[in-house]
Amino acid sequence: MELKRLYHNKISRQILCSDAAMLDASFYARNNILIIAEELLGKILVTRFENKLTAARITETEAYNGIVDKASHAYNGRRTNRTEIMYKPGGTAYVYLCYGIHHLFDVVTNVQNVPHAILIRAAEPVYGIETMLKRTGKTTLDNSLTKGPGNVSKALGITTKHTAASLNGKEIYIIDDNFQTYKESIIASPRIGVDYAAEDALLPYRFYIKGNPFVSGKNNLK
DNA sequence: CTGACGATTCACT
DNA sequence: GTGAATCGTCAGC
């Protein structure tokens, strides 16, 4: 099996800052969250905070399917100060604190009042690696830099203060640089850490690029 | 107001 | 494989 190692894939600043490449509202507003979660693989998540540009190609996502999904914060229509962000229109950032330590970044999808969200679980650095290393306190680049949702946010500088931010703004956005993610290299599997969700824990709502070293867990080769 | 806990990570055995 | 870290959120009183 061919291993997709994008490790050395660097992207120019010009492309990362191109408005034309930015995913727009129509991408996020769609109804089928599984399609969007799959299509986000291979897209590039870009952040620019205090003029520090960092970017990573998405390698792993998880869909949280709104009010019918027992794994979702918005299950059964739950509305709180925190989850209210999930009810915003597609193309909004939903960031929350997990275990008091980790800031997890989600992409809100669908239309207003339909609380769909896609967790970005892993990505492969393509720009601003020095900045990412500084943010994470690491000295060398390896897959731990952006493998796992807490690590992605940390490397890209995303925190809970960015929740509700538009993904069509200047600070956080996702671009399509026409990178080809081949269907046969995409795996769907159950989501991680959602045992509490009863039968919904078994749904194949996690998507990742087969064999990519920037994917959480150990068993990403099959 | 209080207590329980989490869409995790990392160090250690 | 096990356990600690660490705090905002949320249900319940």
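What you see is a predicted model, and the numbers here were worked out from it, not measured in a lab. Quick note: numbers below take in every heavy atom, side chains included, and nothing from hydrogens, waters or symmetry partners. Every chain is numbered from 1, with letters handed out A, B, ... down the list of sequences.
Looking only at distances, no side-chain donor or acceptor of A:Ser216 sits under 3.5 Å from a matching main-chain atom of A:Lys147. No donor-acceptor distance shorter than 3.5 angstrom exists from the side chain of A:Thr146 to the backbone of A:Val152, with no hydrogens or angles considered.
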What would the secondary structure line of DNA chain C be in dot-bracket form, counting Watson-Crick and G-U wobble pairs under 3.5 Å, with [ ] for pairs that cross earlier ones and | for pairs with another strand?
|||||.||||||.
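Classification of A:Arg206 and A:Glu38 as a salt-bridged pair fails, no side-chain N sitting under 4.0 Å from a carboxylate O. Electrostatic pairing of A:Lys43 and A:Asp177 does not count as a salt bridge here, judged by no charged N lying under 4.0 Å from a carboxylate O. A salt bridge links A:Lys70 and A:Glu199; the closest N-O separation between the charged side-chain nitrogens and carboxylate oxygens is under 4.0 Å.
Here the P atom of nucleotide B:dT9 and the CD1 atom of A:Ile192 are 10 Å apart, to the nearest Å. A:Met86 places its CE atom 11 Å from the P atom of B:dA7, with the value rounded to the nearest Å. Between the NZ atom of A:Lys147 and the C1' atom of B:dC10 there is a distance of 13 Å, given to the nearest Å. Going from atom CZ of A:Arg191 over to atom P of B:dT8 covers 12 Å, rounded to whole Å. We find that CG of A:Asp195 is positioned 10 Å from P of B:dT8, with the value rounded to whole Å. The nearest whole Å value for the distance from the CZ atom in A:Phe105 to the P atom in B:dA7 is 18 Å. Regarding A:Leu145, its CG atom lies at a distance of 16 Å from the C1' atom of B:dT8, rounded to whole Å. Going from atom OH of A:Tyr64 over to atom C1' of B:dG6 covers 12 Å, rounded to whole Å.
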When you check every protein heavy atom under 4.0 Å of nucleotides 6-13 of chain C, what one-letter string (B, S, -) results, 5' to 3'?
BBSSSS--
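Proximity of A:His116 to A:Val114: side-chain heavy atoms (C-beta onward) are separated by under 4.5 Å at one or more points. Using a 4.5 Å heavy-atom cutoff, the side chains of A:Ser144 and A:Lys138 are in contact.
Listed candidates were B:dA7, B:dC10, B:dT8. Nearest to the side chain of A:His102 is B:dT8.
Going from the C1' atom of B:dA7 to that of C:dG1 covers 22 Å, rounded to whole Å.
Among the heavy atoms of the strands lying under 4.0 Å from A:Asn151 are primed sugar atoms or P, OP1, OP2 only; no base atom is included.
Below 30°, between 30° and 60°, or above 60°: for A:His73 and A:Tyr96 the angle between ring planes is above 60°, a perpendicular geometry.
Atom NZ of A:Lys52 is surrounded by 12 or fewer heavy atoms from other residues, nucleotides or ligands within 6.0 Å.
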